[in-house]
Amino acid sequence: MKDLSSSFDILKKKFPGYEDRSEQREMADEIMGSFLDGRNLLIEAGTGVGKSFAYLIPAILSREKTIISTSSLALQDQLVKKDLVFLRKALPRKFSFGILKGKNNYVCLKREREYAGSGKFYLRFRKWLSETETGERSDISFTPKFWAEVCGDSQDCGGRTCPFYGRCFYYRHYRKLYATDILVVNHHLLVYDLLSDFSLLPFHKQLIIDEAPHIEDVISTVLGSTLNYSRTVWLLYRLRGLKVVVDHLFPQVESFFKKSDMPPWPVSPVPDPVIEKLKKLRKDLALNKTASVLGKRKKSTVDEELRDRIETTIGYIESFAADMDDFIGQGNKDKVYYTEGSNGSMELKSSLVESGNAFENLMRAYSSVIMTSATLTSGENFAFLKKRLNIEDFGEKIIGSPFDYKEQSLLYIDKDLPKPDNENSGPFQKESLKVIEKLIGASRGRALVLFTSYRHLNFVAENVETQYPFKSQGDMPPAKLIKWFKDTPDSVLFATATFWQGIDIKGDDLSLVIIVRLPFSSPGDPVYQERCDRLKGRWFYDLALPHATLSLRQGFGRLIRGRDEYGVVAILDTRLVKNSYGRYIVSSLPPADITHDIRDVEVFFDSHQ
């Protein structure tokens, strides 16, 4: 532990603007002890603790290979491009690190060779390809529209048997990772590693899962499947390239996916008429016969590239056929099956309902697992997360924020607006607009307004009267929208769920977060609805309430990002004061003073100008 203490002393000397925080050292001590004893740990670290250094330094000092899994690309970039770079320069302990991204982030030399491109963008791409050392999408100055045709695809990868394996950009990078000490991945790759019987990641010793609340839904998605137009058409084009007659099938595929009468919202289970059409498509595609014919061709061909292409195509056909049969039968009781619209095309989807057993299997691959986030608890304990993921034998630690929320913040809860239920949705939209305008006026802009639906967001954006510049989610890509917000003085941003977490706006640019409605999950989500149905009478208190509380805490966490910052969180949902469960939710939020009077908000901002 002496090395741990001296490492933080080095940070004080070498890291610009570093604040020595007892909470950060406490978190690091807990993680170091878990690593040394081979224990698992749930550790919540409030906003401002500096959790990345608090887990990176113990991982470095442990001398054991460590996987760090995150949900967001922003955190991956922070770890690999900033935090780990600094620690490698500052600490006396030498270590190496790397990042592993999915194959679709790299050019596949085999698929690029098959692609018949033309035009100026293709020529630019070819020039870049002749010069690049990494083959990585992030290294190209533009993203070609045909990237999906030339990037890596796990289902179209022969691995070591591919003729291009020696030059493959992905595997050339992958081979280097065996020697790294710390490897950063995302949650999807972590779960795909489970699917591959732990053959995807290069080592399994210590695991740190940051942004841990997301892991349940990632498991649900990855262990499900999708049938859509692009996946089907890709197979037809591949078969055409192998001289299989498929031209007559394109209209049928287009008719099935793009001329369906299904609504764009999710429908579960998949309706019988869709299943009957899927059966016909399955028969017309003649997948089993095609795979058999290709198998015979594979035995007779001596061309190494052609042989690999045939082999991966057969594997793709088998996977595709299995998914079609799964949707036709809808027989896996562990999954929920549904249709959903996407860009004018129907998709068939399945998702795992309960992720606990899969998470247990994932954990068994590691000697020590650390799960962390600023928001792991609901109702001031870990019971919700533990129940959702079948977590047992984990140590538990809650470390509060170093920020003084009593001094730095104010919580406004409206008690006069109509309840935002279906019966009152119209009146609530109109009346809440007036409150939003008053709050934005009190804060002089500098506001993030978070909605649970696009309909309400659009209503406010179209009708709001304010002197401050504002934009809505969808006006530009998220990264550019955040940059606009930071660069535009006194601006206002209207956004939905994707902005509830993962954005870090420091200083005076953001002084007001308005949460228009409690973030209960939509009953239109088939996975959520199935989970509720299985919980029967316990659905609200075992799932809906703790889940919404976690989301609300994440929204609150957008506000205070430093000790010298101040601001107001305003919640316009009167259920917090009128329903009995409101106390449970409020007790889970940071300990700010509470008011129901907008005049107190005005006084608060006047006193901090």
Side-chain angles (χ1 to χ4, degrees), residues 1-21 23-36 41 43 45 48-101 105-106 132-136 138-139 169-170 172-187 189-190 201-211 366-370 372 504 506:
M1 293 298 183
K2 186 185 292 184
D3 286 347
L4 198 59
S5 180
S6 63
S7 295
F8 282 104
D9 291 339
I10 290 172
L11 290 189
K12 283 197 293 185
K13 296 175 182 176
K14 294 188 176 182
F15 194 79
Y18 176 75
E19 295 179 10
D20 194 8
R21 288 157 280 191
E23 295 87 356
Q24 188 178 53
R25 291 183 182 241
E26 182 183 6
M27 181 179 179
D29 284 340
E30 288 285 340
I31 292 173
M32 193 74 203
S34 296
F35 282 158
L36 292 175
L41 177 67
I43 185 161
V49 166
K51 58 184 169 61
S52 59
F53 280 168
Y55 60 66
L56 288 175
I57 292 175
I60 293 164
L61 297 180
S62 71
R63 296 180 181 271
E64 294 285 1
K65 290 184 178 293
T66 305
I67 301 285
I68 299 174
S69 181
T70 79
S71 172
S72 68
L73 184 61
L75 180 54
Q76 282 187 29
D77 284 345
Q78 176 193 315
L79 292 174
V80 173
K81 296 179 181 179
K82 183 180 175 185
D83 294 349
L84 285 164
V85 172
F86 170 78
L87 291 174
R88 186 160 62 181
K89 291 177 181 177
L91 298 182
R93 176 68 53 83
K94 301 301 178 187
F95 69 94
S96 58
F97 65 88
I99 184 170
L100 180 62
K101 300 178 182 179
N105 287 280
Y106 297 86
T132 181
E133 294 183 2
T134 67
E136 195 173 343
S138 61
D139 289 346
F169 289 114
Y170 172 83
R172 198 164 65 191
H173 174 70
Y174 183 85
R175 287 190 288 269
K176 296 175 184 176
L177 298 178
Y178 282 91
T180 60
D181 300 306
I182 294 177
L183 179 60
V184 178
V185 302
N186 64 30
H187 291 349
L189 278 179
L190 185 69
L201 300 184
F203 50 79
H204 305 81
K205 184 63 177 176
Q206 295 175 164
L207 171 64
I208 298 169
I209 304 177
D210 200 347
E211 302 177 314
Y366 297 89
S367 62
S368 181
V369 178
I370 311 296
T372 188
D504 191 5
K506 295 180 179 178

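Quick note: residue numbers are just sequence positions, from 1. Side chains included, hydrogens not; waters and symmetry mates left out as well; all remaining heavy atoms used.
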Any side-chain heavy-atom pair of Asp83 and Val85 under 4.5 Å: no
Close side-chain approach of Asn186 to Gln76, heavy-atom, < 4.5 Å: yes
Measure up the Tyr178 and Tyr174 rings against each other and bin them: parallel (under 30°), tilted (30 to 60°), perpendicular (over 60°). perpendicular
Consider only side-chain N and O atoms of Asp139 and Thr132, and report whether a donor and an acceptor are under 3.5 Å apart. no
Could you check whether any side-chain heavy atom of Ile60 comes within less than 4.5 Å of a side-chain heavy atom of Asp181, counting everything from C-beta outward? no
Heavy-atom check, side chain of Pro58 versus side chain of Leu4, under 4.5 Å: yes
With sequence neighbours excluded, tell me which residues meet ring-ring contact (aromatic ring centres under 6.0 Å, His included) with Phe8. none
Starting at CG of Leu183, measure out to CD1 of Ile68 and round the result to the nearest 0.5 Å. 9.0 Å
Donor on one side chain, acceptor on other, Ser69 and His187, under 3.5 Å: yes
Inspect the contact between Asp9 and Arg25 and indicate whether a charged nitrogen and a carboxylate oxygen are less than 4.0 angstrom apart. yes
Is any side-chain heavy atom of Phe97 closer than 4.5 Å to a side-chain heavy atom of Arg88? yes
Residue pair Ala54 / Met27: nearest heavy atoms and the distance that separates them: CB-SD, 3.6 Å
Phe203 meets the ring-ring contact (aromatic ring centres under 6.0 Å, His included) criterion, sequence neighbours left out, with none
Taking side chain to side chain contact (heavy atoms under 4.5 Å, CB included) as the criterion, tell me which of Thr66, Leu41, Asp210 meets it with Ile370. Leu41
Determine whether Phe95 and Arg63 make a side-chain contact, defined as any pair of heavy atoms from C-beta on separated by less than 4.5 Å. no
Charged N to carboxylate O under 4.0 angstrom, Lys101 versus Glu136? yes
Can Gln206 and Ser367 be said to form a side-chain hydrogen bond (donor to acceptor under 3.5 Å, both in side chains), step by step? CA-CA 6 Å; Gln206 295 175 164; Ser367 62; 5.5 Å; no
Answer yes or no: are there more than 12 heavy-atom neighbours, outside Arg93 itself, under 6.0 Å from its atom CZ? yes
